[in-house]
S.K.: 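Have a look at this one before I ask anything.
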Amino acid sequence: MSNPDHAIKKVGIIGSGQMGAGIAQISAVGGFETVVFDLSKDALDRCTALHNKLLSRAVEKGRMSQEDVDAAKGRITYANNMEPILDVDIIIEAVVENADVKKQIFSQLVKEVKGNPILATNTSSISITDLATSVGDAADRFIGMHLFNPVPIMKLVEVINGLATSKQTTTRTIAMAQAMGKVAVPANDRAGFVSNRILMPMINEAFYTWMEGVAEPEHIDDIMKLGMAHPMGPLRLADFIGLDTCVHIMQVMADGLNNPRYLACPLLKQLVTAGRLGNKSGRGVFDYSK
Ligand code: NAD
């Protein structure tokens, strides 16, 4: 993967959590000067340690040479303040899934950035058109770049155009995603975009199937894995995503698409109420405490 003579040379990433760390890695490996900014010093330290671990593993497995890894590491800067990301060609935001937090960041950014960078968000459900209202006249440079977890492995980038996103913004974003080794697929801005619009109702239906006693959770997952060739059953996938996140995305779709068929299954909501959030809390549908 290399970055030939391409308009985008420098990438700024906001948030160094699960997604931001992965985006920073593929950006640096893809040949872009990369700055990753997080307010939390601990998150930046975890991100640095993760990069060191994953890139060392890439050398061990023969996927990258030591020379390429050193060059990629040399392209990453870890920043605890916003200043170093103000002078980049594209900013990719990957902080918490909260519209107010994201809008506050973008409205501050748009006043301080130098030049006219593309303003991208990695939101998995919030309306791009809505988030773009925080940047005023720069809405034509605002776009959704929905990457998937784990970022270095998953091939897809769902590129979502808001109502005001310009063609040039879309073209440049797709070209950059390709230079990062991804397959960029365009979608328009409707709640859930394409990926969650189809995935989440399937997961929700798996909870209804369990709630109605049609089958036990492991059997529901086995049927979908073995019969539909899904790599992971829908209930285990829900645990991996986070049951609270699943409820949140269903609600965003119910509101955004004005349709109660997207409301979360009562059993899914009940597990969240009980604190069973999936892998991250040690228990969701399945038990991860051991
Ligand atoms: P995360 O909680 O792992 O990381 C978020 C990071 O943002 C944290 O390190 C936090 O310190 C930092 N942060 C919070 N506020 C900030 C601010 N104002 N300025 C700078 N940094 C700030 O979250 P994540 O799982 O990486 O998700 C990030 C985004 O990506 C969300 O919008 C989420 O919906 C989306 N997304 C997540 C997944 C997934 O599977 N985790 C998949 C696709 C999209």
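Just follow the structure's listing: the first ligand is 1, and inside any ligand the first atom is 1.
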S.K.: Number the atoms of ligand 1 from 1 as they appear, then name those within less than 4.0 Å of a heavy atom of Ser40, with their elements.
M.R.: 11 (O)
S.K.: Check the pair Thr123, Glu97 against side chain to side chain donor-acceptor pair (under 3.5 Å), reporting the backbone distance first and the verdict last.
M.R.: CA-CA 6 Å; Thr123 180; Glu97 187 72 348; 2.8 Å; yes
S.K.: Using a strict cut-off of 4.0 Å, indicate which atoms of ligand 1 neighbour a heavy atom of Ala43.
M.R.: 9 (O)
S.K.: In Å, rounded to the nearest 0.5 Å, how long is the span from CE of Met228 to CD1 of Ile223?
M.R.: 8.0 Å
S.K.: Ignoring hydrogens and geometry beyond distance, is a side-chain donor-acceptor pair present between Ser134 and Ser107 at under 3.5 Å?
M.R.: no
S.K.: Where is the nearest protein heavy atom to atom 17 (C) of ligand 1: which residue, which atom, and how far?
M.R.: Leu39 CD1, 3.4 Å
S.K.: Just which atoms of ligand 1 are under 4.0 Å from any heavy atom in Leu147?
M.R.: 42 (C), 43 (C), 44 (C)
S.K.: Would you compute the distance between atom CG of Asp244 and atom CG of Leu271 and round it to the nearest 0.5 angstrom?
M.R.: 11.5 Å
S.K.: Any atom of ligand 1 sitting under 4.0 Å from a heavy atom of His146?
M.R.: yes
S.K.: Note the single closest protein heavy atom to atom 11 (O) of ligand 1, along with its residue, its atom name and the distance in Å.
M.R.: Asp38 OD1, 2.7 Å
S.K.: How close does the nearest protein non-hydrogen atom get to atom 5 (C) of ligand 1, and which residue and atom is it?
M.R.: Ala94 O, 3.8 Å
S.K.: Just verifying a value: how many Å separate Asn122 CG and Lys102 NZ, rounded to the nearest 0.5 Å?
M.R.: 7.0 Å
S.K.: Among Thr170, Asp189, Thr169, which one satisfies side chain to side chain donor-acceptor pair (under 3.5 Å) with Asn161?
M.R.: Thr170
S.K.: Hey, is Thr121 one of the residues with a heavy atom under 4.0 angstrom from ligand 1?
M.R.: no
S.K.: Strictly by modelled atom types, are Ser16 and Asp38 linked by a side-chain donor-acceptor pair under 3.5 Å?
M.R.: yes
S.K.: Indicate, as side chain, backbone, both or neither, the part of Lys102 found under 4.0 angstrom from ligand 1 when only non-hydrogen atoms are considered.
M.R.: side chain
S.K.: If we set the cut-off at 4.0 Å for heavy atoms, which region of Ser124 has an atom near ligand 1: side chain, backbone, both, or neither?
M.R.: both
S.K.: Only heavy atoms of Asn149, strictly under 4.0 Å: list the atoms of ligand 1 that pass.
M.R.: 39 (C), 40 (O)
S.K.: Hey, is atom 2 (O) of ligand 1 under 4.0 Å from any protein heavy atom?
M.R.: no
S.K.: Check this for me: does any side-chain nitrogen of one of Arg283 and Asp239 sit under 4.0 Å from a carboxylate oxygen of the other?
M.R.: no
S.K.: Measure the distances from the heavy atoms of Phe37 to every atom of ligand 1 and state whether one is below 4.0 angstrom.
M.R.: yes
S.K.: Regarding Asp287 and Ser289, do their side chains bring together a donor and an acceptor under 3.5 Å, going by distance alone?
M.R.: yes
S.K.: Do Lys9 and Glu33 meet the salt-bridge criterion of a basic N to acidic O distance under 4.0 Å?
M.R.: no
S.K.: Please state which option from Met82, Met145, Gln18 has its nearest heavy atom closest to atom 41 (N) of ligand 1.
M.R.: Gln18
S.K.: Do the ring planes of Tyr78 and His51 sit parallel (below 30°), tilted (30 to 60°) or perpendicular (above 60°)?
M.R.: tilted
S.K.: In terms of side-chain heavy atoms, does Gln104 have a donor or acceptor partner in Asp100 at a distance below 3.5 Å?
M.R.: no
S.K.: Is it the side chain (CB and beyond), the backbone, both or neither of Ile105 that lies under 4.0 Å from ligand 1, heavy atoms counted?
M.R.: side chain
S.K.: Below 4.0 angstrom, N of the basic side chain to O of the carboxylate: do Asp221 and Lys225 qualify?
M.R.: no
S.K.: Of all the atoms in ligand 1, which lie at a distance below 4.0 Å from a heavy atom belonging to Gly17?
M.R.: 3 (O), 4 (O), 6 (C), 9 (O), 26 (O)
S.K.: Just to confirm my output: which protein heavy-atom neighbour is closest to atom 39 (C) of ligand 1, and how far is it?
M.R.: Met19 SD, 3.7 Å
S.K.: What do we get for Ile126 next to ligand 1 when only non-hydrogen atoms under 4.0 Å count, side chain, backbone, both or neither?
M.R.: neither
S.K.: Short list, please: which atoms of ligand 1 are under 4.0 Å from a heavy atom of Gly15?
M.R.: 7 (O)
S.K.: So His146 and Phe148, would you call those rings parallel, tilted or perpendicular, with 30° and 60° as cut-offs?
M.R.: tilted
S.K.: For atom 32 (O) of ligand 1, find the nearest protein heavy atom and state the residue, atom name and distance (0.1 Å precision).
M.R.: Glu97 OE1, 2.5 Å
S.K.: Evaluating non-hydrogen atoms only, which member of Asn98, Asn122, Ile85, Asn196 is closest to atom 30 (O) of ligand 1?
M.R.: Asn122
S.K.: Just to confirm, does any protein heavy atom lie below 4.0 Å from atom 23 (O) of ligand 1?
M.R.: no
S.K.: What protein heavy atom is closest to atom 31 (C) of ligand 1, reported as residue, atom name and distance in Å?
M.R.: Val95 O, 3.1 Å
